[in-house]
Amino acid sequence: MKLLDLQKGVAAEWKEKGYKLPAYDREAVKDETKKAPAWVHFGAGNIFRAFPAAKLQEILDSGEYNKGVIVAESFDHEIITKAYKPYDGLSLSVVLKANGTIEKIVVGSVVESLVADSVCPEDFARLADIFENSSLQMVSFTITEKGYSLVNGKGEKLPGVEEGMAAGPGEQSHLMGRIASLCYSRFTKGGVPLALASMDNCSHNGDKLKAGVMAFVEAWKANGKVGEDFVRYMQEKVSFPWSMIDKITPRPDADVQAMLEKDGFEDTELIITNRNTYTAPFVNSEETGYLVIEDDFPNGRPPLEKAGIVFTDRETVDKVEKMKVCTCLNPLHTALAIYGCMLGHTSIHDEMEDEQLKTLIETMCYKEGMPVVVNPGVINPKDFADAVLQLRLPNPFMPDTPQRIACDTSQKLPIRFGETIKAYQARADLKPEDLTLIPLVLAGWCRYLMGVNDEGNVFEQSPDPRLEEVKAYLKDVKLGAVGDVHKALEPILSDKSIFAVNLYEAGLGEKVEGMFAELAAGTGAIRTTLKKYL
């Protein structure tokens, strides 16, 4: 059973074994999309295939829509060349349900895959053609939060940014410059409106995308490379809607791979690219997923509401995002990731059987987060949190790991914890000093930076753009002999770019220092400290 066999009409065995196949004429969808493309997505990772592409498949199956999505990848070209093009964009979505059942769905909604880089000139020329087509309605993104940034952790412009801003539209090394250039191509061909929609898991994602793109546009204007008319087009005819996405999509799992191979499914190669991306011709994910998008699409959009995607106003998106990212899911994930790595856990569901860790995130959510949670109206925060804590995180069939979730933690802390601290600062009836478990998680991250687990053994820390920078402050801190904790931690705890607040000014710096000293007091101190505060 190979994905490309389905193009030959070989389907009986797949259906017998419970695989759901595309119920539409894929070649007709390809032709229609090529003639009049409506949707391009940047970021060919697992969440795209497991969620937006799978939702589009539902609409295609219903017969209520007839265009696919074109995926483009600028960061890791191997995803396209190894996981998409060899399979003509087909992939297998494996949905792992909490009750132990699974769904196996062949997703065919991705009808074209492109390397978004001039090193592949044919692909990039095709992207320009697509952007110039008036039929294009939506360009979406799942490129991670750092994909929008033009600077490193020290505020220095990333390589190629200065040069790209000076050069003007054309060849660019940063994706934001490439998007601005593609929009310029569209502008020169009539300037039809367009929506650039971030679907990344970060706060006010549309604004981050807008800031990155418009930085290039405004620099080009200042450098005389474009006119005021292009700037006006970008300001008045290109929208940057906000969204909130929630879908746990772990790396392709070896147990899922073995299950598929037992079925006779042969396209199960686990691919690790040179840029350390984990991918495969299949993707495994949980059954629950939410996507709430600001309905601001000046040239129309695919009818994704027919598959349960919620389109609403910006204020409601903001409330949903804050509910999830600041209280009901993301902080819980990060807490489990930090402590799971140090306590030797290798799966999230296993952590939910750890009494201290389960109590840590439940109490942090219900006692410390809920008092300042924003109720969006369209989703009840308590119901959302109950589902996370009782169904989603304990799901034994979800092969997610604390090590994966610990990636880029320095980029996640401001929104996942800093916003709650700021909310406590803003309330007359609450004060940050009342918090205990959120500071314990922040102290835990500082302890994580030591790279030594609770047994005193070195462990591999997950990738993080600021990891080496912040680790350097702790170079003289040793397990059981922490020395001057304030000297080591002050540069970290006072950094608003890490926590969204200066923790000392918020009244929490000394508390975090004390908790860190307890966590680093010796072997077994992490477990002992958790028990003390729980």
Side-chain angles (χ1 to χ4, degrees), residues 145 197-211 240-248 288-296 305 308-336 360-393 405 409 411-439 441-442 496 498-501 503 506-508:
E145 183 170 2
S198 172
M199 294 181 180
D200 269 301
N201 181 21
C202 56
S203 178
H204 302 173
N205 47 22
D207 285 353
K208 288 180 169 58
L209 171 58
K210 183 177 183 178
F240 296 85
W242 294 3
S243 72
M244 188 288 294
I245 192 167
D246 179 21
K247 179 80 165 180
I248 299 174
T288 305
Y290 304 88
L291 181 53
V292 182
I293 308 177
E294 178 187 0
D295 200 358
D296 185 9
E305 72 279 1
I309 305 303
V310 176
F311 290 89
T312 184
D313 58 82
R314 174 169 286 200
E315 182 181 2
T316 301
V317 173
D318 189 38
K319 289 179 179 179
V320 172
E321 186 265 332
K322 286 180 177 176
M323 176 202 73
K324 176 235 177 183
V325 176
C326 301
T327 304
C328 295
L329 175 60
N330 296 43
L332 317 185
H333 250 161
T334 294
L336 290 175
L360 169 66
I361 64 168
E362 286 179 344
T363 308
M364 185 176 71
C365 177
Y366 292 127
K367 183 177 178 181
E368 296 190 350
M370 281 295 178
V372 294
V373 75
V374 178
N375 190 331
V378 294
I379 303 173
N380 181 278
K382 177 66 163 54
D383 293 344
F384 187 98
D386 288 348
V388 167
L389 290 162
Q390 298 169 21
L391 296 174
R392 299 174 66 185
L393 296 180
I405 296 168
T409 298
Q411 312 296 292
K412 300 171 180 175
L413 294 171
I415 182 66
R416 299 187 180 193
F417 299 99
E419 291 303 312
T420 294
I421 294 170
K422 288 196 290 186
Y424 270 71
Q425 289 178 307
R427 287 270 293 267
D429 58 329
L430 298 169
K431 53 184 184 293
E433 302 95 285
D434 296 332
L435 297 169
T436 298
L437 299 186
I438 287 177
V441 174
L442 304 184
K496 292 183 180 181
I498 295 178
F499 300 107
V501 296
L503 291 177
L508 293 174

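K412 and N201 share no donor-acceptor pair across their side chains, judged by distance under 3.5 Å alone.
Between Y290 and I245, every side-chain heavy-atom pair lies at or beyond the 4.5 Å cut-off. The side-chain heavy atoms of I438 and L508, taken from C-beta on, include no pair separated by under 4.5 Å. For the pair E145/D200, no side-chain contact is recorded, criterion being any heavy-atom separation below 4.5 Å from C-beta on. Two residues are said to be in side-chain contact when any heavy atoms from C-beta on lie closer than 4.5 Å; V373 and C326 fail this criterion. The side-chain heavy atoms of I421 and L442, taken from C-beta on, include a pair separated by under 4.5 Å. Counting heavy atoms from C-beta outward, C328 and K382 have side chains that stay 4.5 Å or more apart.
Using a 4.0 Å cut-off between charged nitrogen and carboxylate oxygen, R427 and D434 do not count as a salt-bridge pair. Salt bridge R314/D318: absent, no basic N to carboxylate O contact under 4.0 Å.
Rounded to the nearest 0.5 Å, atoms NZ (K324) and CD1 (I379) are 10.5 Å apart.
Panel note: side chain E294, backbone W242; a donor-acceptor pair is recorded below 3.5 Å. Y424 places a side-chain N or O within 3.5 Å of a backbone atom of E368 that can act as its donor or acceptor partner.
Among residues two or more places apart in sequence or in another chain, the side chain to side chain contact (heavy atoms under 4.5 Å, CB included) test is passed with E433 by K431. The side chain to side chain contact (heavy atoms under 4.5 Å, CB included) check on P331 picks up M364, R416, F417, with sequence neighbours excluded.
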